[in-house]
Each structure stands twice: as C-alpha cells, then as structure tokens.
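Read through the structure below, which is laid out as structure tokens, and then see the notes.
For reference, positions follow the sequence shown, starting with 1. Just so it is clear, the model here is predicted, and its values are computed rather than measured. Worth knowing before you read on, the calculation uses all heavy atoms, side chains too, and leaves out hydrogens, waters and symmetry mates.
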Amino acid sequence: MTIEIGRLESDLLKMSAEAAPGLGFCEAIAELARSGRFSQLATVLPPVVYQEMWERYQSSPDGFVQEWQRLAREMQQGFVEHARQRLTSLTRLQKADDSHLTPAWMEIQRALDSEQNNLLRTAFTLELLEMVEPAVFRATHLRECVVGTASSEEADRYLDEATRCYFFGLFTACAVMCRSVLEEAIKQKLPPQLEKLLKTRYRNTPTLGNLLHEVNNNMTLTGFDPDFPHVANKVNDVGRKAVHQGLLSEDEARDCLQNARQALELLLKQ
C-alpha cells in the first residue's frame with residue numbers, strides 16, 4: 001500500500017475549508033440578521049456585545065449582513081495562512097507594536113478557536129506532512145548502528161533525538177545532540193582511574209573535547225579502538241561549530257551524524 005502524502009494534504013485542506021474556526025459563527029450572524037431574526041442573538045451574546053451589534057445592524061441592515069458574510073469568506077479562505085502564522089508566532093520573536101496590524105477576521109477567529117486549538121492543530125499537521133518525504137529520503141542515507149555492547153539508556157535517547165533532528169530538518173540541533181551522545185558513551189566506557197582524574201581535573205563537567213583529549217593521551221589505558229579519536233573529533237568539530245558559529249547545512253548534519261554513529265560502533269564494538 002502506498003501512502004499518498006499529497007492526498008492527505010488535499011483532504012486536510014478540504015476539511016479546513018469546510019470547518020474553519022469562526023466560519024459557522026459568522027455565517028449564523030449574517031443569516032439571522034438577513035432573515036429578520038436578529039433578536040435571537042440576545043440569548044447567546046453578552047448584553048454589551050449584543051447592544052453594540054444591534055446598533056450597527058440598525059444603522060445599515062444590508063451593510064451589516066454583507067460585512068459578516070465577508071468575514072466568513074475571509075475566515076474560510078485565509079484559515080491555512082492564519083494557522084501557519086499562529087504557529088510561527090510561538091516560534092519567533094514578536095514585536096509588541098504589531099497587534100494593530102492583525103485583521104479583524106483573524107482576531108475573531110483566534111478568539112473563537114481559543115478552546116479547540118484547530119489553528120495550531122492544522123498548522124502542525126500540514127508542517128509534519130510536508131516533512132514526511134524529506135525525512136524518508138534522509139533516512140535512506142543511514143544504515144543501522146550495530147554495536148557489540150550497550151552503552152546506557154541516556155546515550156540511546158541522545159542518539160534517537162539526534163537522528164530524529166536530522167530526519168526533520170533540525171540540522172544544528174542534530175549536531176549538538178551528536179556531541180552529547182558521544183560524551184555520554186565515552187563516560188560509560190572510561191576505566192575507573194581515568195574517570196576519577198576527569199572528575200577532579202574538570203570538576204565533573206568535561207566537554208567532549210576534554211574527554212577526547214584525555215582519551216587520546218591514555219589510549220593504552222582505555223583500550224579504545226585507535227581510530228575512535230579521529231572519527232569522534234570530527235563530530236566534536238561540527239558540534240562546536242553548531243554551538244558557536246551558526247546554523248548548519250543538511251550535508252554537515254548528515255556527515256556529523258554518520259561520524260557519530262561510526263564512532264559509537266568503534267567505541268562499543270566489544
């Protein structure tokens with residue numbers, strides 16, 4: 001069975017058009033006003049809101065109906081864009097003086113969606129669907145990481161997170177987590193005497209660079225594969241760049257992850 005991502009996206013957009021938050025609300029107000037049943041709104045609206053809307057309706061019944069119909073169309077047509085903006089507003093810095101630029105229909109839609117959160121649900125679904133094919137493609141570049149001995153549950157979680165970051169395009173985070181998994185795996189494999197020395201020398205918080213320096217100076221004591229420091233240093237270099245120099249490219253993240261996995265295989269082969 002082939003999973004058609006395009007079909008899923010199409011179905012989601014169709015559902016969004018049919019059930020955009022606020023659409024039914026605006027259409028109901030327009031229809032009640034158009035059909036002469038405006039007074040029924042008194043039972044569902046706060047008195048102050050009802051009074052203000054009643055005054056607007058009295059001043060121009062046709063204009064009032066047309067305005068709410070227009071709001072309904074805008075909510076339906078702009079829902080996906082608004083959903084994406086809603087998610088972006090949580091992931092980036094927002095200027096304090098930008099609120100006056102928000103269209104009225106967006107403010108109403110956001111208020112009516114405050115309990116259901118369909119804006120966020122739609123935005124996340126669309127974004128995750130868009131990630132599927134790139135993630136599948138990236139996964140084809142990896143092979144299973146097979147080791148002779150286990151490390152720790154924490155190391156497994158770090159590797160899992162690093163790999164998922166790569167799949168989903170979080171390349172800088174991927175490299176940072178690659179450093180973390182090697183740090184954890186090395187600590188689990190250190191002989192007691194070297195572990196004690198590291199605790200004293202680095203106040204129990206050695207970086208991956210510190211660990212690799214000590215390992216390189218004590219290869220006989222550790223019993224590590226002689227190729228391990230070279231491969232692990234590649235991971236450390238890219239991870240340090242990720243932390244201090246800026247965002248990484250997909251190729252850099254992939255190379256870092258592959259080197260981290262190779263380093264784990266060398267470290268845990270026995």
Side-chain angles (χ1 to χ4, degrees), residues 5-135 164-165 167-170 172-173 247:
I5 302 302
R7 181 178 175 183
L8 293 176
E9 291 176 343
S10 179
D11 288 345
L12 175 62
L13 293 174
K14 182 179 179 181
M15 286 188 289
S16 299
E18 293 173 349
L23 174 62
F25 176 78
C26 292
E27 288 179 336
I29 290 179
E31 178 58 23
L32 288 172
R34 186 198 63 79
S35 60
R37 295 176 290 157
F38 192 95
S39 61
Q40 292 183 18
L41 291 171
T43 61
V44 294
L45 295 175
V48 64
V49 175
Y50 175 79
Q51 184 60 35
E52 181 178 343
M53 291 178 66
W54 170 246
E55 290 173 0
R56 291 185 181 182
Y57 171 69
Q58 282 188 314
S59 66
S60 177
D62 290 341
F64 182 90
V65 172
Q66 291 171 7
E67 174 66 12
W68 282 95
Q69 289 175 337
R70 181 183 64 79
L71 286 172
R73 289 194 300 272
E74 289 177 342
M75 287 184 180
Q76 185 177 42
Q77 295 167 2
F79 172 63
V80 171
E81 177 189 354
H82 188 197
R84 293 186 187 277
Q85 288 184 19
R86 175 74 181 95
L87 180 55
T88 301
S89 71
L90 300 177
T91 64
R92 303 199 177 194
L93 298 175
Q94 305 296 310
K95 286 187 176 181
D97 60 350
D98 279 354
S99 58
H100 69 282
L101 301 176
T102 304
W105 70 268
M106 281 191 176
E107 292 183 348
I108 296 172
Q109 190 168 70
R110 179 84 61 94
L112 293 172
D113 190 48
S114 60
E115 296 296 330
Q116 286 75 31
N117 294 312
N118 283 324
L119 284 163
L120 287 174
R121 188 171 290 106
T122 299
F124 276 119
T125 304
L126 284 171
E127 188 161 307
L128 292 172
L129 284 174
E130 290 169 359
M131 290 180 181
V132 172
E133 292 301 340
R164 291 177 187 276
C165 283
F167 289 160
F168 298 130
L170 305 174
T172 304
L247 300 176

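For the residue pair Ala123 and Ala83, the shortest heavy atom distance occurs at CB-O, 3.2 Å. Considering every non-hydrogen atom in both Ser114 and Asn117, the closest pair reads O-OD1, 3.7 Å. A pairwise comparison of heavy atoms in Trp68 and Ala30 identifies CB-CB, 3.9 Å as the closest pair. In terms of heavy-atom proximity, Leu112 sits nearest to Gly22 at CD1-CA, 3.5 Å. The minimum heavy-atom distance between Trp105 and Gly78, with the atom names listed, is CH2-O, 3.4 Å. Between Leu41 and Tyr50, the closest heavy-atom pair is C-CD1, 3.8 Å.
Counting heavy atoms from C-beta on, the side chains of Asp62 and Val65 never come closer than 4.5 Å. The shortest distance between side-chain heavy atoms of Pro103 and Glu74 does not fall below 4.5 Å. Residues Thr102 and Arg110 form no side-chain contact, since every pair of their non-hydrogen atoms from C-beta on lies 4.5 Å or further apart. Counting heavy atoms from C-beta outward, Leu12 and Glu9 have side chains that stay 4.5 Å or more apart. Contact check for Cys26 versus Ile29: no side-chain heavy atoms found under the 4.5 Å cut-off.
Taken to the nearest 0.5 Å, the OG atom of Ser16 stands 5.0 Å off from the CZ atom of Phe79. From Leu71, atom CG reaches atom CD of Gln109 across 10.5 Å, with rounding to the nearest 0.5 Å. Between the CE atom of Met53 and the CD atom of Gln58 there is a distance of 13.0 Å, given to the nearest 0.5 Å. Between Phe64 atom CZ and Trp54 atom CH2 the span is 10.0 Å, to the nearest 0.5 Å. Distance check: Leu129 CG to Ser10 OG gives 11.5 Å after rounding to the nearest 0.5 Å. Remark: Thr125 OG1 to Leu120 CG distance equals 10.5 Å, nearest 0.5 Å.
The pair Arg70-Glu67 counts as a salt bridge, with a side-chain nitrogen and a carboxylate oxygen less than 4.0 angstrom apart.
Without hydrogens or angle criteria, Thr43 side chain to Gln40 main chain gives a donor-acceptor distance under 3.5 Å. Not one N or O on the side chain of Asp113 forms a donor-acceptor pair closer than 3.5 Å with the backbone of Pro21. The main-chain N or O of Pro61 is never found under 3.5 Å from a side-chain atom of Arg56 such that the two would form a donor-acceptor pair.
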(request) Kindly determine whether Met106 and Met75 satisfy side-chain contact (heavy atoms from CB on, under 4.5 Å), including the steps that lead there. (result) CA-CA 7 Å; Met106 281 191 176; Met75 287 184 180; over 6 Å; no
(request) Kindly determine whether Leu126 and Thr122 satisfy side-chain contact (heavy atoms from CB on, under 4.5 Å), including the steps that lead there. (result) CA-CA 6 Å; Leu126 284 171; Thr122 299; 4.0 Å; yes
(request) Evaluate the criterion salt bridge (charged side-chain N to carboxylate O under 4.0 Å, His left out) for residue pair Arg34 and Glu31; output intermediate values, then yes/no. (result) CA-CA 5 Å; Arg34 186 198 63 79; Glu31 178 58 23; 2.6 Å; yes
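Sorted by first and then second residue, the pairs that involve residues 77-90 and meet salt bridge (charged side-chain N to carboxylate O under 4.0 Å, His left out), not counting sequence neighbours, are Arg84-Glu130.
Under the 30°/60° scheme for interplanar angles, the aromatic rings of Phe38 and Tyr57 are found to lie parallel.
The environment of CZ in Arg7 is sparse: at most 12 heavy-atom neighbours from other residues, nucleotides or ligands sit within 6.0 Å.
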